[in-house]
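Protein chains get the first letters and strands the later ones, always in sequence-line order, with residue 1 at the start of each.
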There are 4 protein chains.
Amino acid sequence: MLILMDQGATPEHVGAVMALLEAAGIRAYVQESPAATSILAPHASQVLKADRIEPMDGVNRVVPITSPFKLASADAAPGRTVVDVRGVKIGGRDLALIAGPCGVESREQLFTVARYVAESGTRLLRAGAYKPRTSPYAFQGKGLEALDLLEEVRREFDLGIVTEATEVETFDEVERVADLVQIGARNMQNFALLKRAGRSTKPVLLKRGLSATLEEWLFAAEYVLSEGNRNVILCERGIRTWSAHARNTLDVSVIPAAKALTHLPVIADPSHATGRRDLVIPCARAAVAAGADGIMVETHCQPGQALSDGPQALLPSDFFQLVGQVTGIRDLLLKDHPGATFCF
Amino acid sequence: MLILMDQGATPEHVGAVMALLEAAGIRAYVQESPAATSILAPHASQVLKADRIEPMDGVNRVVPITSPFKLASADAAPGRTVVDVRGVKIGGRDLALIAGPCGVESREQLFTVARYVAESGTRLLRAGAYKPRTSPYAFQGKGLEALDLLEEVRREFDLGIVTEATEVETFDEVERVADLVQIGARNMQNFALLKRAGRSTKPVLLKRGLSATLEEWLFAAEYVLSEGNRNVILCERGIRTWSAHARNTLDVSVIPAAKALTHLPVIADPSHATGRRDLVIPCARAAVAAGADGIMVETHCQPGQALSDGPQALLPSDFFQLVGQVTGIRDLLLKDHPGATFCF
Amino acid sequence: MLILMDQGATPEHVGAVMALLEAAGIRAYVQESPAATSILAPHASQVLKADRIEPMDGVNRVVPITSPFKLASADAAPGRTVVDVRGVKIGGRDLALIAGPCGVESREQLFTVARYVAESGTRLLRAGAYKPRTSPYAFQGKGLEALDLLEEVRREFDLGIVTEATEVETFDEVERVADLVQIGARNMQNFALLKRAGRSTKPVLLKRGLSATLEEWLFAAEYVLSEGNRNVILCERGIRTWSAHARNTLDVSVIPAAKALTHLPVIADPSHATGRRDLVIPCARAAVAAGADGIMVETHCQPGQALSDGPQALLPSDFFQLVGQVTGIRDLLLKDHPGATFCF
Amino acid sequence: MLILMDQGATPEHVGAVMALLEAAGIRAYVQESPAATSILAPHASQVLKADRIEPMDGVNRVVPITSPFKLASADAAPGRTVVDVRGVKIGGRDLALIAGPCGVESREQLFTVARYVAESGTRLLRAGAYKPRTSPYAFQGKGLEALDLLEEVRREFDLGIVTEATEVETFDEVERVADLVQIGARNMQNFALLKRAGRSTKPVLLKRGLSATLEEWLFAAEYVLSEGNRNVILCERGIRTWSAHARNTLDVSVIPAAKALTHLPVIADPSHATGRRDLVIPCARAAVAAGADGIMVETHCQPGQALSDGPQALLPSDFFQLVGQVTGIRDLLLKDHPGATFCF
């Protein structure tokens, strides 16, 4: 259940409710928001009735959470969640942009890309240190060496770092450097990794699996949330279908469909969704028009030389064009939405 | 091959080339465009070499068509095709809007919807007289009675009529009334129907099949084109995948992918692509942002009373919102495109 | 509803029930079977209650048909339907085999293949006179010339002819020659063609569409059945998925799933389901093991010379191996099934 | 490259070749088989030419491995691999059967099922101690308690234990008890887990991912193989498609397609492939008929009481029927295959 407190509720009121829940053996979370404080108590209705809580001082009303996603559900929060990644608000009014090369390849490559990414006004840099690859013989990322370069590039350009954790074993290393830890599509149901991410102090970017339904994706988020990490961002990155003109099929309607079910931010990755440079910009625009809270794209100074995913990396000039176009679309949509956040 | 004539080429020059082609047994088409006249001669390179034609008076150069879609290919026309549907240009700078109920149900229903569709500035009305239905026991459309109502509503509101031809047997009736004849998704490879549409004097709206690849879709267009009808508009309407939150999956990346391969206009139908009213507007915006030349949506004055597809029909107020939003996105995209047409 | 008559019911008893139904405006069908006579009256329960009929003389009991497939439903017949195609019983105990080239190419090719097909004990020959092709420029079949050759080859080798009707316009010609008229996968929802097939005197082989659900497939059968033709055979031929090692994915579980819902026979076409010669025999065995009532395969004397679908055509020696193996599996399964027909 | 030794080659001959490879920095594996010894040296051709090795004493010839699956490829072994799981040979002539409940629920449940599984002649028992579940709130398995019960049941009934390792963290515990360690579908690209399995002394059962291509599946096997564990068994368990009559689509043609590309054994799991009890037996038969080396099924004494996957668990009587039918089909197929192993 979600217990909405009165606007004038005091810390003591909140404390009394929490004490009652604790006494009943229920795990609960206090949620602050500009409007009012709320207490989220998933599964509480199995133990306590609403009419035991509603009469308490400072309690406005109790809302049942009928969704199976007790923490991810739109019912479970008083408004939309805004995740702060090194000062960039994801899920609020501004469109979040994340860009960079597929993998860290060299100091020169990373710094060259970071420079023009920063120049574009983008404040989050993506680049993989650990790369999950289909073949054991393919380039697997530069690991610790890459993480060191990412720390350096952050200082140099004041960029937040988005990088992937591929396994529990190296999670600590990634977590130390990342401002936003990515869980990749192939690991969307790697439950041990999700639980570890749930115990992280860093926000988590959870990519949708190649054949994950919306429901499965939200349950994966639930694994992270239920370990205590409330900063989860969902990322649609294309699904596997028989449609052969692109590497994957950008399931653009899942963006508004997800935002109808969850309070978490939803962004899109048109690079992996298409695998074709010429489709990345149109699909980035489409995702933003559908209500995405942000875009993550691959860009490379010399795509032809990239060690992985070259054919989908945007050239610098394309990237600047993308930034202008998607920002323009977001601004247009915001005109109709006077509130502090944006749904769709 | 595509034979591009000089800007100053005379009708005699064109006639001489056509005579040569005819003598060689080659079927060819003269194409006028603002830039220059061209002659499209599919399969000609199997019979004649370019250096037999290039020296002729008035000929600028000869371009081979390497695509298997000899007539639909982007190589087969000097620019993008603009189809004129009762004065509405589809494929040019303006976004084309087509709206209306799934099926014609009654005079009152049709006129009520047509009135607000016309008020919104939309100039093309969609409504089915013949409905292809999965079950033989479901509402199959009102047939001739519906066609008569469509004629009446056209006169009353000065709207172009878009309606579906479901079979060769009733094609003549539909063709008489329609300003744009729709071929539905389930008939995308009904080759007899495609050939009949190819002999029509009316433009054709060719929906993509539920499991058609881009290549198969263009070959279906080629069936229409190769019978002589050059006015074909493609319509993405969602594909069948395992992704279960919506009735179909809007394959938004196929819009720019199609526009890269063909000179034909490409529009989208977010109503059938999603089957959920709340996803129609976000997906309409996405399709336009991806470069669609138009949008076709279902709207109904009383969706709860609709005889078919009620859950996806937009309410009148939603429809007005959609018109405003998609037009705004199109205008934004056009700022970067000074030409007479718009690619993506 | 399905009205099961007593074993000793007389024609007069049946006539009285039919008269009552007719008086109530209900279309009904008398079905003879070894066990007992039954009367199928789809949609009758909307008009008449069972207790109006059950007391009548000769009536055993009335069973409601809750399925939406009023005629195709397993509830709608007292047992499994056995379709007789020129003496070959499909849906009974024996496995039905249908084999031949993709298309009729020449007298020599057709007769060579027919000779070894007949030698193998197979009594039904498949070969296309009209070929539905993705491209308008591909080989479309030899039409009337091919139909004449099929008539000739039938006389010569005493083979039943299975050939495809691709459109209403040429249905009469095909119907004249065919012993079993095939409706292809791309036409599974060509409703005009289904209705024409429903008025045919010949049995119909209805292939599953590339992306048709089991429910849609049974509704397509219902279109044929509801026009009066009760001899429909279903054919699984692979569905379109992202699984790329074969042209399509043989959905083998749909065979028992279909047999659980319908009384109609179900066969499989492993040639189109795989598109790879080396997978045809294992998949034919799999389909029979799953309960298919028959197998339809492509075989060609010189697959390398075939005008269409060469890569999936079995060599003569492979074909003989297939016949032996699938017959062996069927015999094994029958040991556990003492009845006159075989379910799974 | 694969270096095939002469039949009379001595250990010294083999040692000399190994020494040469080692000196060149190449990792190589000696493979014994009834026919002859071979040395597998993946990637060796990048360093050494065949004509440097072929003249050596005891060397018969050198075969290049052109496949990207250097160790899994059919080219990489002199024959089919037979994996020994506690005396049960998987990949040889006999069909391997693995059966048991989805999860270990209680001592009584486990022992009841194990008793009738053993009575049927089946020698491998499956049961999950750790269950990967879509929801964090669903039954996740009994962990260590279940592993203890599995040890006990093995002693009691002399059954080999097949159980799943869901994460690196608990792999040691599972490995201690399991005779065959299962890697589940959702973990097929959990590369850390695959590598850990590659360092295990126990054979590995690698399930195909829900949306994994055959190529990706073989690369996953390659991850295990390249860490040194040569005992990998592949298991087809249904893929995710839009076909809705069953939980997944059994991709039966992948069985022969996999056996054409790899020397590893391939089995099938019709329980997860269908999710419907009534489809399990027909699909088990289909998989065996297609050439599967074994079948893994879920069976439960009281499916209605199962904590997970009850609707797909076979009743004891069904299970005995399955054993009889699939064994019969295998025996039939073996008649045509006189060799020591069975391909398809």
Who among [options] has the most heavy-atom pairs with chain C under 4.5 Å?
options	result
B/Pro136, B/Ala192, B/Ala220, B/Gly184	B/Pro136
B/Arg133, B/Lys70, B/Glu215	B/Arg133
B/Pro68, B/Pro42, B/Pro132	B/Pro132

Atom of B/Asn190, atom of C/Asn190 and distance for their closest heavy-atom approach: ND2-ND2, 3.0 Å
Which atom of C/Arg240 lies closest to which atom of B/Ser211, heavy atoms considered: NH1-O, 2.6 Å
Presence of salt bridge, B/Arg196 and C/Glu169, under 4.0 angstrom: no
Option in C/Arg186, C/Glu167, C/Met188 with maximal non-hydrogen atom pairs under 4.5 Å from chain B: C/Arg186
Rounded distance (nearest 0.5 Å) linking atom CG of C/Asn187 with atom CG of B/Leu193: 10.5 Å
Separation between OG of B/Ser135 and OH of C/Tyr223, rounded to the nearest 0.5 Å: 6.5 Å
Which portion of B/Tyr137 sits near chain C, non-hydrogen atoms under 4.5 angstrom: side chain
